[in-house]
Structures are given as structure tokens and as C-alpha cells.
A.B. asks: 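One structure is given below, represented as C-alpha cells, and several questions about it will come after.
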Amino acid sequence: MTTVVVSTLLVVNRQRVMLSLFAATVATPELAEKGDEGEGVTWFDDYYTIQHLDDRTIAIGEPRYYQQNYNYLILGNDRAILFDSGPGVRDIKPVVESLTKLPVIVTQSHLHFDHVGNHTRFDSIAMIDLPYLRKRAKDGMLSLTDPEHLGYIEGFKPPELHITEWWRPGETIDLGGRTLNVMHAPGHTKDSMILLDTENGQLFSGDYLYKGDLFAFLPGSDPSEYLATATTLNEMLESCTTVYAAHRLDAPAAPILECESIEHLKQGLESIRDGKIPGKGLYPTTFDLGEGLSIMTDNPWFVNWTQ
Ligand SMILES: [Zn+2]
């Protein structure tokens with residue numbers, strides 16, 4: 001009996017234990033030196049950068065933070081969205097207030113600590129409307145769990161968020177003269193959300209897609225769902241769509257990917273599923289997809305492909 005209980009606990013907690021062991025090998029580095037960010041990028045202060053991608057889309061960068069986060073301010077005529085608020089190493093609100101007088105609603109590509117760190121500084125917070133999250137919210141207050149926030153890795157406490165809007169997958173958000181489609185994009189996490197500005201050919205991908213190691217081995221990650229999301233995206237996108245990602249590998253400027261990267265990711269995931277690409281390492285296992293993309297999954301023994 002004891003063996004059964006211990007084995008069950010080990011299976012249930014295996015991913016968390018493995019992640020903690022992995023995290024213990026990676027120390028959080030100090031802020032990097034200010035680098036050359038190139039033309040069109042200005043420093044707001046000694047931490048944040050500002051880059052106008054067009055007259056209604058602004059990247060707010062954190063190039064000195066080791067994960068090099070990029071948050072996006074998406075402006076309409078009547079209101080604005082702040083898509084991701086960074087790890088909260090610094091207050092992002094003065095940056096946002098310097099860029100727009102519109103009412104701003106903050107939302108996130110997903111619930112990891114490095115994307116919701118400044119959320120509680122804003123009065124309006126939008127959350128993807130997934131039944132399990134809605135069920136947990138009491139009087140609009142949603143507490144994040146350790147496995148979905150992961151802040152314990154760097155000493156950040158999970159916040160309690162006052163949700164003022166729930167955005168259904170498939171819903172269109174009207175900012176006044178500009179609309180964004182909400183897409184549920186599981187794979188990196190269960191709560192991942194992509195925003196699509198179809199008219200302007202823009203896709204805000206969060207951690208679902210960027211150059212470098214994509215993380216599909218964390219609690220809530222699922223390579224099979226990663227592939228399903230890529231397949232849906234490929235079918236949905238009628239024309240070339242620029243991808244604005246949440247992290248970058250190197251300077252200068254915001255991480256922007258060409259539209260072909262979505263198709264490339266889909267093909268890469270299919271190749272992993274079909275055993276055509278060799279993985280490196282036991283946990284996480286890294287697969288090189290080419291074109292600057294790679295993905296880290298749980299050990300292939302534990303990956304259940306249903307797509
Ligand atoms: Zn992230």
C-alpha cells in the first residue's frame with residue numbers, strides 16, 4: 001500500500017520535482033549592462049526601452065532583465081491593451097502612462113511570473129475565460145497557484161488578481177477603430193492566450209513562439225497541445241502575419257518573427273511526434289527545429305501525443 005501511495009505521489013509530483021532540480025541549476029543573474037538597442041529604440045529610464053512598431057503598437061522592452069521580456073501596448077481610439085506586464089522587477093505603469101492617456105486594460109499571454117508581475121498596479125485586468133479559472137475566481141478575485149505562476153523559482157509570490165473582464169476564446173475585443181481576436185493557445189501553459197490583429201497582420205504570441213528554446217516541459221505544458229495550437233493557427237491565418245514575441249535572445253530591438261515561423265513550428269512539432277528529429281538530454285529534452293527555433297519537452301517517454 002505504502003509503495004502504491006509513494007509511487008502515485010512520485011508520478012503526480014515528478015514534473016514539479018524535476019523542474020525544481022532543473023531550476024536549482026540556473027541562478028537568477030544580475031541585471032545586464034545597457035547595450036546598443038539600435039535605431040528606433042529609446043530608453044525610458046535605465047531599465048525600460050520603448051519602440052514604436054507602428055503608430056498604434058509599442059513594444060516596452062526589458063533588455064537588462066536576463067529573460068529579455070517584451071510587453072506590448074496596443075492602442076485603439078478608445079482604449080488600450082497592455083499585453084504582458086513583465087516580471088515586476090520595476091514598475092511599468094509610468095512607462096505606459098507616458099505613452100497613452102487612454103484607459104488601459106492589462107492582460108497576459110499566460111500566467112507565469114514574468115508576464116503578470118505588474119498586473120496589480122492596474123485597475124483593469126482581463127483574463128482568458130477558461131472554465132477552470134472562472135470557477136476559482138471569488139468575487140472577481142483570482143489567486144494564481146504556484147505551478148501556474150512559477151514565481152517561487154525567483155522569489156516572486158503569486159499575486160491575487162482582480163479580474164474586471166473575462167475574454168472568451170474566439171471573442172473579438174474592440175478598442176475603437178481596432179479589433180483583436182482572442183485565441184486560446186495551450187502548449188506552453190494551459191492558460192496561454194494569443195491576440196490577433198487580423199486587419200493589421202499582427203500576432204502577439206507571448207511565450208508560445210519566439211526564437212530560442214521554447215518551453216514545453218513545465219507544469220501545464222503539453223507538446224501535443226502545442227501542435228494542435230500550431231495547426232489551428234496555420235488554418236486560421238489567411239495571410240502573412242508578423243509575430244511579436246515576449247522574449248528575445250539578443251539585442252537589438254523587439255523580438256519580431258516572420259510569418260513562416262508558425263508553419264515551421266508546426267512542421268517541427270510533427271517531426272518530433274513522428275520521431276524524425278533526435279532529442280538531446282533526459283530532462284528537459286531539447287529538439288532543434290532549425291531556423292533559430294528549438295523546443296524543450298518533458299522526457300519523450302512521458303509525452304502523450306494525441307494529435
Ligand atoms: Zn516568459
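Note that the structure is a prediction, hence the values are computed from the model and not measured. For reference, positions follow the sequence shown, starting with 1. Computed over heavy atoms, backbone and side chain alike; hydrogens, waters and symmetry mates excluded. Indexing begins at 1, ligand by ligand and atom by atom, following the structure's order.
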A.B. asks: Are the charged groups of Glu37 and Arg248 less than 4.0 angstrom apart, N to O?
C.D. replies: yes
A.B. asks: In Asp114, what N, O or S atom is nearest to the Zn ion (ligand 1), if we give its atom name?
C.D. replies: OD2
A.B. asks: Might you confirm whether atom CZ of Arg168 has over 12 heavy atoms from other residues, nucleotides or ligands at distances under 6.0 Å?
C.D. replies: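 Incorrect, the count does not exceed 12.
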A.B. asks: For Lys280, I'd like to know if atom NZ has over 12 heavy atoms of other residues, nucleotides or ligands within 6.0 Å.
C.D. replies: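 Counting neighbours around NZ of Lys280, 12 or fewer heavy atoms of other residues, nucleotides or ligands fall under 6.0 Å, so no.
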A.B. asks: What's the atom name of the N, O or S in His115 nearest to the Zn ion (ligand 1)?
C.D. replies: NE2
A.B. asks: Taking both backbone and side chain into account, is any N, O or S atom of His247 nearer than 2.8 Å to the Zn ion (ligand 1)?
C.D. replies: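 Yes - counting backbone and side chain alike, His247 has an N, O or S atom under 2.8 Å.
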A.B. asks: In Asp207, which N, O or S atom comes closest to the Zn ion (ligand 1)?
C.D. replies: OD2
A.B. asks: Thinking salt bridges, do Glu160 and Lys138 make one under a 4.0 Å N-O criterion?
C.D. replies: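 No salt bridge links Glu160 with Lys138.
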